[in-house]
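Proteins get letters first, then strands, A, B, ... in listed order; numbering begins at 1 in each.
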There are 2 protein chains.
Amino acid sequence: MYHLRVAETTGRRLRADAEHNTALILVAAEKVLADDPSASLERIGEAAGLTRATVHRRFSSRSALLEALTEQLNQRYLTALEQARADLGRPLVAFRRLTDVVFELKASHRFAMELSDEQHGCQSGLSPEVAAGLEQVFACMREAGEITATGADWCRHVYLAVLHQVHQLPEDAPDLVACGSSRADLVVRTVVGALGGVPRRP
Amino acid sequence: MYHLRVAETTGRRLRADAEHNTALILVAAEKVLADDPSASLERIGEAAGLTRATVHRRFSSRSALLEALTEQLNQRYLTALEQARADLGRPLVAFRRLTDVVFELKASHRFAMELSDEQHGCQSGLSPEVAAGLEQVFACMREAGEITATGADWCRHVYLAVLHQVHQLPEDAPDLVACGSSRADLVVRTVVGALGGVPRRP
DNA sequence: AACAGATGCGACAGCCATGTATCATTTACG
DNA sequence: CGTAAATGATACATGGCTGTCGCATCTGTT
């Protein structure tokens, strides 16, 4: 994971407690920044039970910390994609599985997800591997006739946008209840509808 | 519009040139902040051909300026909604018309739109009148059987999210070209698909 | 023309975040 | 146990943005 040189220029590895603390910092950063994206390193350290100085020792700068957060997110994404790849034969099932896991990511990595979304331009901050993995899922759905949209970026963006909206939908939203209160179900149906409705010409 | 007391506590009205300058500031603020949401008032003034001091004279604080920006956006929204209300009898036409105008808003008021979106919680920063106007459009579409989603917030959020994604789609995106390169068309079809696909139970 | 209003310029104070450094103390690890 | 590493505490320098003055100088308005 982060065994080697998080913010160190030397090749020495960190002591066990130090490594544990970097993990604490990442967790705290996610929690605090999700609430206030411009929170200071001081507040992050405090939330981790550490000092601002220590945060600086583990992460050479604020941006280094943010980088670490998105890298962490990309790792979890890859794990989720591997799970989905298992049943790529049934694209809708794979998509549903994927959405389930990504939803947990949204809950635990809200800030990092928005961070990689906000990345300027149309290039999301996602690693190329993750983007490719998502594209594969959508490609299978298209081949299976479940959707008709062809652009990989378009599919991914709509997916993430819908996911975001569903995430912050209140528990008792009528359209959520209509789906058996399963957020993942609502995402799947909405995305499939959005990406499948494109080519119908009136 | 802003004839009276933009940042003044006195009831006196502004001189003509001063009023013109507040307009310049608003335009410049939109342009600069769209590029960098955390740009300083100095840069905004510079973009308006004015001094930071003058910006402070017209808008008592940074947040006052942001408020003015969202208020301006809400005004334009209302105008767009009035145009759409014209042909509420044909909901899809009304929706299409609305989207056309809102798309121009997205181009000229990118920052303000994202600002009112980011507003914490599920309450967007839109004025109640605008929210109600949008709800009316979606309600008509639902009654006409074009969509099946029932939640007003849900419809609005999906609409704005899709709009945002389509807005930053490159000119040559395949799914855009498939719609005759009309962004508004792509929005309409995607949203209708997204909101209409909800209740289909597999 | 005269006056009030608006602006530019410069200066000042306050605030807060970042990044660096030092030193004493505690803790992990061989 | 002894050493090296990690941390807490504290201080310092830096830089940026904000908000507020005062003053000289144009410019609109009547």
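Of the candidate nucleotides C/dG19, D/dT18, C/dA21, C/dG19 has the atom lying nearest to any side-chain atom of A/R62. Listed candidates were C/dG8, C/dT20, D/dG28. Nearest to the side chain of B/D17 is D/dG28. Of the candidate nucleotides D/dG28, D/dG8, C/dG19, D/dG28 has the atom lying nearest to any side-chain atom of B/A16.
Taking 3.5 Å as the limit, the base of D/dT29 and the side chain of B/R15 contain no donor-acceptor pair of atoms between them. Within 3.5 Å, no donor on the side chain of A/R57 pairs with an acceptor on the base of C/dG19, nor the reverse.
Using a 4.0 Å cut-off, no side-chain N or O of A/N21 falls inside it from OP1 or OP2 of D/dA6. Taking 4.0 angstrom as the limit, B/T54 places a side-chain polar atom (N or O) nearer than this to OP1 or OP2 of C/dG8. In this structure, B/R58 reaches the C/dT7 phosphate: one of its side-chain N or O atoms is under 4.0 Å from OP1 or OP2.
At a threshold of 4.0 angstrom between heavy atoms, the contacts of A/G45 with the nucleic acid are absent.
Residues A/L41 and A/F59 have side chains not in contact (no heavy-atom distance under 4.5 Å, counting atoms from C-beta outward). Inter-residue side-chain proximity for A/R156 and A/D153 is flagged as met; some heavy-atom pair is nearer than 4.5 Å. Contact check for A/F111 versus A/D35: no side-chain heavy atoms found under the 4.5 Å cut-off. In this structure the side chain of B/F138 never reaches within 4.5 angstrom of the side chain of B/E135, judged on heavy atoms. In this structure the side chain of B/V187 never reaches within 4.5 angstrom of the side chain of B/Q165, judged on heavy atoms.
Looking at B/T99 and B/Y159, their side chains do bring a donor and an acceptor atom within 3.5 Å of each other.
At whole-Å resolution of the value, CZ in B/R13 and P in D/dT29 are 10 Å apart. Between A/H56 atom NE2 and C/dT22 atom P there is a gap of 16 Å when expressed in whole angstrom units.
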Which parts of nucleotides 11-16 of chain D does protein reach within less than 4.0 Å, heavy atoms only, written one letter per nucleotide 5' to 3' as B for base, S for sugar-phosphate only and - for none? B-----
